[in-house]
Amino acid sequence: MRVHEGRYDGSGLRIGLVASRFNDAVVRRLVDGAVDCLRRHGVADDDIELAWTPGAFELPVVARRLAASGRVDAIVALGCVVRGETAHFEYVAAQSAEVGRVATDTGVPVAFGVLTTDTFEQAVDRAGGKAGNKGWDAALAAIETARLLADLK
């Protein structure tokens with residue numbers, strides 16, 4: 001039996017980060033966590049590309065453009081959507097999750113590091129607080145998936 005697994009070696013990989021400016025205080029911490037993870041796993045600074053979107057709603061279209069550019073081996077989508085009193089949360093959260101379709105349509109892995117929380121405090125906890133940093137986790141998933149796909153060629 002042949003088993004395929006990705007590795008956590010990011011050396012030589014080109015990684016795109018697509019991050020939402022909305023809820024900037026949280027998303028910047030996710031970006032910092034992702035960049036720290038990438039660097040610690042061997043991704044060179046020159047191989048990290050960061051694109052800022054106005055909000056989480058715009059993440060999929062920017063991720064698709066970046067994937068189609070051929071400049072990256074994987075993408076990390078980062079954002080923060082906090083539930084409010086209206087249905088707006090559901091629309092934005094659902095649209096931001098469409099980055100998964102970008103991955104299946106283009107073959108470029110897209111790791112989902114978008115927080116969808118009930119409160120701002122929950123978001124802070126997941127952006128370097130007591131629940132870790134989901135930006136770090138998403139960056140590690142991007143490295144592993146890119147390596148797995150390369151192994152499956």
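One-based numbering along the sequence shown. Values in this document were obtained by computation on a predicted structure and should not be read as measured data.
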Given 3.5 Å as the limit, does a donor-acceptor pair link the side chain of S96 with the main chain of A93, or not?
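Looks like yes, one N/O pair under 3.5 Å.
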Please check: side-chain N/O of D73 versus main-chain N/O of A146, any donor-acceptor pairing under 3.5 Å?
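No, D73 side chain to A146 backbone: no donor-acceptor pair under 3.5 Å.
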Check this for me: does any side-chain nitrogen of one of [X] and [Y] sit under 4.0 Å from a carboxylate oxygen of the other?
X: E144; Y: R147; answer: no
X: R83; Y: D118; answer: yes
X: D36; Y: R40; answer: yes

State, with a plain yes or no, whether a side-chain heavy atom of [X] is found less than 4.5 Å away from one of [Y].
X: L17; Y: I75; value: no
X: M1; Y: V3; value: yes
X: V81; Y: V114; value: yes
X: L38; Y: I143; value: yes
X: V76; Y: V18; value: no
X: V92; Y: F22; value: no

Drop me the distance from [X]'s [atom1] to [Y]'s [atom2], to the nearest 0.5 angstrom.
X: Q95; Y: F57; atom1: CD; atom2: CZ; value: 4.0 Å
X: R14; Y: L66; atom1: CZ; atom2: CG; value: 10.0 Å
X: L78; Y: R28; atom1: CG; atom2: CZ; value: 12.0 Å

Which donor-acceptor pairs under 3.5 Å do the side chains of residues 132-141 make with protein atoms, sequence neighbours left out?
{"residue": "N133", "atom": "OD1", "partner": "G135", "partner atom": "N", "Å": "2.8"}
{"residue": "N133", "atom": "OD1", "partner": "W136", "partner atom": "N", "Å": "3.2"}
{"residue": "N133", "atom": "ND2", "partner": "R29", "partner atom": "O", "Å": "3.0"}

Do you know the tightest heavy-atom contact between [X] and [Y]?
X: V31; Y: A19; result: CG2-CB, 3.7 Å
X: V102; Y: P60; result: CG2-O, 3.5 Å
X: A67; Y: T106; result: CB-OG1, 3.7 Å
X: T53; Y: S20; result: OG1-CA, 3.4 Å
X: L30; Y: R126; result: CD2-O, 3.9 Å
X: D9; Y: L13; result: O-CD1, 4.1 Å

Show me the pairs that pass side-chain hydrogen bond (donor to acceptor under 3.5 Å, both in side chains) and involve residues 54-66, at least two apart or across chains.
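Of all non-adjacent pairs touching residues 54-66, those that pass side-chain hydrogen bond (donor to acceptor under 3.5 Å, both in side chains) are R64-D105.
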Scan residues 65-121 for pairs that pass ring pair (Phe, Tyr, Trp, His ring centres under 6.0 Å), counting only residues two or more places apart or in two chains.
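Listed once each, the pairs would be none.
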Shared ILVMFWY cluster between Y8 and V43, side chains joined below 4.5 angstrom?
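No, because Y8 and V43 fall into different hydrophobic clusters, even though each may have its own neighbours under 4.5 Å.
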More than 12 non-hydrogen atoms from neighbouring residues, nucleotides or ligands closer than 6.0 Å to CD on E121, yes or no?
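Atom CD in E121 is not crowded, with 12 or fewer foreign heavy atoms closer than 6.0 Å.
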What do the steps show when you test Q122 against V26 for side chain to side chain contact (heavy atoms under 4.5 Å, CB included), and what is the final call?
CA-CA 10 Å; Q122 290 171 340; V26 170; over 6 Å; no
